[in-house]
Amino acid sequence: MDIDVLGELAVRENGVSVTPTAPKPRQVLALLALHADRVVPVASLTEELWGQRPPRSARTTLQTYVLQLRELISAALVHDTPPDTPPATPPGTPSGTVVGSGHGTVRGGRRSAKDVLVTSPGGYLLNTSGGTSDVRTFELLAGQGYRAMDAGDFAGAARQLREALALWTGSALAGVQSGVLLEMHARRLEETRLCALDQRIEADLRLGRHRELLGELTVLVSRYRTHENLHGQFMLALHRSGRRSEALEVYQRLRAALVRELGLEPSAALRRLQRSILMAHPEPQLESAPRTGERLSRAG
């Protein structure tokens, strides 16, 4: 099974889509996909679908949604291993046992929908059988990029992080009706994306690509009007491109937005960068904030 959530939700079995169009089953599949190969408790699925006030029929209705998902999976499994093909199991494995996830039993080399969407004590599990997940790939590549940054390999970091960010095709879980749990996961994923983007831009700045970054940063600071690191990187790229007055204007716009929307002043690191540009130091540096962001000071 292949799972994509960094954009439109797309779940495929044997290359065949098993993503439902109905909102509620789609919601169930999204939560199962985010926790692939792990049990999602019935209580979590119920909270996602109905919040703190589920109907009396919640468990029965959830079972109906699971049945609808299994029907889609069954249709995709028609393209699975032919019935006369023996299962690929190592010597000594009992006949008819699935090898890989440890969930479910397969007879005659053919999986059933219940082997893919598994009923477990207290919940359900989506068994990917070693398939792909764009989130897992993103986290692997981003982790490699962060380690390259820490080692001073800026070219390698930029390459790995650019490859990780290319997996995103839109907002996480786009097109999925989201309850409290999916909203939380979508925000978390967006934070990981912004962190990777911040570090990739930092790597490009270290490589002297300031002019190439100007167009991208212009769009980003318009989208994230109070994101300090992106504004600091934009200021630095402008200053190094000989556009000192524009760099100072970026600081003033950011300060106005922070005070107006959050009641905060820019951080000490950004104020130091602004003073450095104001004094026309030849090569000011943007102090890297922790990857979770740097605390801002309260205005006034």
Side-chain angles (χ1 to χ4, degrees), residues 1-52 54-55 57-80 98 100-104 106 111-139 167-190 192-193:
M1 176 170 283
D2 301 317
I3 296 171
D4 294 331
V5 300
L6 303 180
E8 289 276 347
L9 174 67
V11 181
R12 297 171 298 279
E13 180 66 41
N14 293 321
V16 178
S17 174
V18 297
T19 311
T21 55
K24 292 291 189 184
R26 194 178 182 90
Q27 215 171 336
V28 171
L29 181 61
L31 197 57
L32 292 169
L34 282 169
H35 297 86
D37 298 313
R38 290 174 287 167
V39 175
V40 179
V42 167
S44 296
L45 290 162
T46 302
E47 181 182 4
E48 169 60 29
L49 290 168
W50 296 289
Q52 297 301 315
S57 61
R59 184 174 287 269
T60 302
T61 305
L62 175 59
Q63 289 170 346
T64 300
Y65 296 152
V66 169
L67 179 61
Q68 292 172 8
L69 291 173
R70 282 177 174 159
E71 288 173 352
L72 290 168
I73 293 168
S74 292
L77 288 174
V78 171
H79 304 272
D80 207 348
V98 172
S101 69
H103 299 283
V106 179
R111 291 178 299 160
S112 73
K114 289 186 177 181
D115 299 313
V116 178
L117 207 175
V118 182
T119 301
S120 296
Y124 297 95
L125 176 147
L126 198 61
N127 179 8
T128 64
S129 297
T132 65
S133 163
D134 61 353
V135 170
R136 291 174 184 171
T137 304
F138 170 78
E139 290 173 345
L167 294 168
W168 287 75
T169 59
S171 300
L173 300 171
V176 177
Q177 174 181 293
S178 296
V180 62
L181 298 182
L182 286 181
E183 284 283 359
M184 177 184 67
H185 284 295
R187 286 196 300 270
R188 178 186 64 80
L189 288 169
E190 180 62 20
T192 65
R193 176 177 173 271

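Because the structure is predicted, anything quoted here is derived from the model rather than measured. Along the sequence shown, residues are numbered consecutively beginning with 1.
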Does any N or O in the side chain of [X] come within less than 3.5 Å of the main-chain N or O of [Y], such that one atom is a donor and the other an acceptor?
{"X": "E48", "Y": "Q27", "answer": "no"}
{"X": "T128", "Y": "M1", "answer": "no"}
{"X": "R111", "Y": "L77", "answer": "no"}
{"X": "D2", "Y": "G131", "answer": "no"}
{"X": "K24", "Y": "Y65", "answer": "no"}

Check [X] against [Y] and note the closest heavy-atom contact, atom names and distance.
{"X": "T169", "Y": "G7", "value": "OG1-CA, 3.5 Å"}
{"X": "A33", "Y": "V11", "value": "CB-CG2, 4.4 Å"}
{"X": "P54", "Y": "A58", "value": "CB-CB, 4.0 Å"}
{"X": "L32", "Y": "L125", "value": "CD2-N, 4.5 Å"}
{"X": "V16", "Y": "A76", "value": "CB-CB, 3.8 Å"}

- Message: A side-chain contact here means heavy atoms from C-beta on lying under 4.5 Å apart; do V40 and L126 qualify?
- Response: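 No, side chains not in contact.
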- Item | Heavy-atom side-chain contact between V39 and Y124 under 4.5 Å |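 No, their side chains stay 4.5 Å or more apart.
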- Query: How are the rings of H185 and H35 set to each other: parallel, tilted or perpendicular (split at 30° and 60°)?
  - Reply: perpendicular
With sequence neighbours excluded, residues passing salt bridge (Lys or Arg N to Asp or Glu O under 4.0 Å) with [X]:
{"X": "D4", "answer": "R12"}
{"X": "E71", "answer": "none"}
{"X": "R26", "answer": "E8"}

Distance from [X] atom [atom1] to [Y] atom [atom2], nearest 0.5 Å?
{"X": "E47", "Y": "L181", "atom1": "CD", "atom2": "CG", "answer": "4.5 Å"}
{"X": "L69", "Y": "S74", "atom1": "CG", "atom2": "OG", "answer": "11.0 Å"}
{"X": "L72", "Y": "T21", "atom1": "CG", "atom2": "OG1", "answer": "8.5 Å"}
{"X": "L31", "Y": "L9", "atom1": "CG", "atom2": "CG", "answer": "11.0 Å"}
{"X": "L173", "Y": "L189", "atom1": "CG", "atom2": "CG", "answer": "6.5 Å"}
{"X": "S133", "Y": "E139", "atom1": "OG", "atom2": "CD", "answer": "7.5 Å"}

- Task: Please step through side chain to side chain contact (heavy atoms under 4.5 Å, CB included) for the pair R70 and T119, ending with a clear verdict.
- Result: CA-CA 11 Å; R70 282 177 174 159; T119 301; 2.7 Å; yes
- Message: We want to know whether T137 and D134 form a side-chain donor-acceptor pair, criterion being a heavy-atom distance below 3.5 angstrom.
- Response: no
- Query: Would R193 and E190 pass as an ion pair if we require N to O under 4.0 Å?
  - Reply: yes
